[in-house]
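Residue numbers start from 1 in every chain, and the chains themselves are labelled A, B, ... in the order their sequence lines are given, proteins ahead of strands. Everything numeric here is computed off the predicted structure, so don't read it as measured data.
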Amino acid sequence: MTVDRVWRSLPVKSSEVSLAKVLRCGQTFRWKNIDHVWSFSVDDRIILLKQEDDDLQFSWIMPEDKMENTNRQEKETLDFINDYFSLSTSLESLYSDWLKVDEKYRKKIGSSPFIKFPGIRILRQDPWETTVSFICSSNNNVKRISKMVDSICTNFGTYINDFEGIPFYSFPKPKDLAKPETEGLLRDLGFGYRAKYIYKTACKFVDNEEFPEITIEQLNAMRSKSYDEAHQFLLQLDGVGPKVADCICLMALDKHDIVPVDTHVYQIAMRDFKFKGKKDLKTMNQQVYHEIRLFFKELFGDYSGWAQSVLFASDLSDLNNGVNQISTKEVKVENDSIEIKKRKVITTADEKITKETKTVIKKRRNLQV
DNA sequence: ATGGAACCTACTCT
DNA sequence: AAGAGTAGGTTCC
């Protein structure tokens with residue numbers, strides 16, 4: 001059955017949102033790209049997005065039994081997109097501020113990421129989904145995280161509908177994951193030691209005897225609390241340490257100035273900026289963690305977490321890497337296949353030299369029919 | 001108190 | 001072709 005899908009237009013420039021980058025830079029793991037249409041399930045529907053030259057096109061798919069009242073659905077979908085992408089925040093003006101900082105403090109190695117990588121912004125994601133997703137992220141890579149999060153939905157979520165022959169499920173609630181068999185099932189699904197963390201964290205959200213203060217309402221309420229309070233709240237959860245807590249703060253709880261510090265961010269601080277760590281990376285501890293975090297916070301200001309995401313994305317060699325990339329038709333080279341600069345680190349006697357080498361992203365590894 | 005292992009798995013690289 | 005190395009860390013000792 002081929003339906004004529006209704007697409008609506010949203011006037012958003014690609015300098016404000018680059019879907020190909022934002023949805024692939026490691027903040028969200030569930031968007032699928034099917035023949036150049038981005039798809040994602042939320043609550044009771046599948047959201048569809050397409051990036052055109054001058055705007056964003058959106059559509060939505062409801063469950064089979066909920067096809068009426070289109071006007072309301074359109075408004076709800078539009079509201080979601082505006083909120084999820086924080087479209088009321090102008091990215092272009094932030095970029096121009098960051099560029100000034102970058103030019104002043106960055107060690108010059110090629111053109112600025114704030115020129116080279118437009119349209120990268122921090123999403124405003126659901127706190128619960130973000131929590132579970134980033135519990136999965138520990139000691140892990142984007143490709144596997146995406147597989148795991150998708151697996152959580154198909155095994156524990158609620159079926160919504162199909163799109164292009166692929167079934168979409170909602171992201172499960174805590175009660176869906178707080179069952180005794182969950183941990184074993186997650187282990188069978190390849191979650192490794194994170195299986196227990198997810199199970200135990202889900203349990204804390206449904207157990208109002210031992211953890212009366214840990215509820216979804218409280219988690220969501222952290223959006224309007226201070227960073228310190230939100231950070232402390234999150235540290236109570238299993239599998240959530242300082243870095244994961246900060247990811248949740250930045251990407252779900254409106255803490256725009258928080259820079260989650262991982263090995264990668266530490267490298268950027270050392271290599272591209274003039275951060276002098278007192279200690280080696282091996283001895284990363286609470287103190288060093290917050291030193292680096294505050295270093296970036298002071299550098300870029302109120303939206304330092306957003307700025308950092310651009311630096312991080314620019315540091316990745318391949319943003320797509322075949323994650324959730326599906327083609328229902330013949331294999332062809334992506335039209336958004338972009339030429340990027342990949343830094344190669346060449347180590348000499350006792351000095352690191354960064355050299356720019358041009359790399360053309362070839363056909364995606366997983367882009368097979 | 002604090003640094004270092006151990007922890008799961010699926011890659012990639014050699 | 002096996003085996004080490006690693007991927008946006010956290011927990012435990």
Over-ring placement of A/K204 relative to A/F211, 6.0 Å and 45° cut-offs: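 Yes, A/K204 and A/F211 form such a contact.
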From [atom1] of [X] over to [atom2] of [N], roughly how many Å is that when rounded to an integer?
{"X": "A/L311", "N": "C/dG8", "atom1": "CG", "atom2": "C1'", "result": "14 Å"}
{"X": "A/N139", "N": "C/dG8", "atom1": "CG", "atom2": "P", "result": "10 Å"}
{"X": "A/Y197", "N": "B/dC8", "atom1": "OH", "atom2": "P", "result": "8 Å"}
{"X": "A/Y199", "N": "C/dT10", "atom1": "OH", "atom2": "C1'", "result": "20 Å"}
{"X": "A/N141", "N": "B/dC8", "atom1": "CG", "atom2": "C1'", "result": "12 Å"}
{"X": "A/K200", "N": "C/dT10", "atom1": "NZ", "atom2": "C1'", "result": "12 Å"}
{"X": "A/D246", "N": "C/dG8", "atom1": "CG", "atom2": "P", "result": "17 Å"}
{"X": "A/F191", "N": "B/dA10", "atom1": "CZ", "atom2": "C1'", "result": "14 Å"}

Within 6.0 Å of CG in A/D54, more than 12 heavy atoms from elsewhere: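 Open: at most 12 neighbouring heavy atoms sit under 6.0 Å from CG of A/D54.
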Crowding at OH, A/Y105 (>12 non-hydrogen neighbours, <6.0 Å):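 Not buried by this count: 12 neighbours or fewer within 6.0 Å.
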Side chain A/Y193 and base C/dG9 donor-acceptor under 3.5 Å: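 Yes.
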Residues A/Y266, A/F295; criterion ring-ring contact (aromatic ring centres under 6.0 Å, His included); working and verdict: CA-CA 10 Å; A/Y266 184 69; A/F295 172 76; over 10 Å; no
Heavy atoms only, 4.0 Å cut-off, all strands: where does [X] land among base, sugar-phosphate and nothing?
{"X": "A/L235", "result": "nothing"}
{"X": "A/V261", "result": "nothing"}
{"X": "A/P242", "result": "sugar-phosphate"}
{"X": "A/Q308", "result": "base"}

Criterion ring-ring contact (aromatic ring centres under 6.0 Å, His included) on A/F80 and A/W60, from CA distance to verdict: CA-CA 11 Å; A/F80 168 79; A/W60 64 94; over 10 Å; no
Contact nearer the 5' end of DNA chain C, comparing A/R144 with A/G241: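 Upstream on the strand: A/R144.
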5' priority, DNA chain C, between A/V259 and A/D238 [closest heavy atom]: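 The answer here is A/V259.
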Phosphate-side-chain proximity, A/R187 and B/dC8, N/O vs OP1/OP2 below 4.0 Å: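 Yes, such a contact exists.
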B/dG3 phosphate, OP1 or OP2, under 4.0 Å from A/N285 side-chain N/O: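 Indeed, a polar side-chain atom of A/N285 lies that close.
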DNA chain B: stems of at least 3 consecutive Watson-Crick or G-U pairs whose donor-acceptor distances fall under 3.5 Å: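 Correct response: B:3-7 with C:9-13, B:9-14 with C:2-7.
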Per A/M251 side chain, nearest of listed nucleotides B/dC7, C/dG8, B/dA10: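 Within the option list, the nearest is C/dG8.
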Could you work out the separation of [N] and [M] based on their [atom1] atoms and round it to a whole Å?
{"N": "B/dA6", "M": "C/dA4", "atom1": "P", "answer": "15 Å"}
{"N": "C/dC13", "M": "B/dC8", "atom1": "P", "answer": "13 Å"}
{"N": "B/dA5", "M": "C/dT6", "atom1": "P", "answer": "15 Å"}

Atom pair SG/NE2 of A/C249 and A/H256 - distance to nearest 0.5 Å: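 One finds 11.5 Å between SG of A/C249 and NE2 of A/H256.
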Separation between CG of A/L253 and CD of A/Q125, rounded to the nearest 0.5 Å: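 Output value for this atom pair is 11.0 Å.
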Contact check, side chains of A/V261 and A/K243, non-hydrogen atoms, under 4.5 Å: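 A/V261 vs A/K243: side chains apart.
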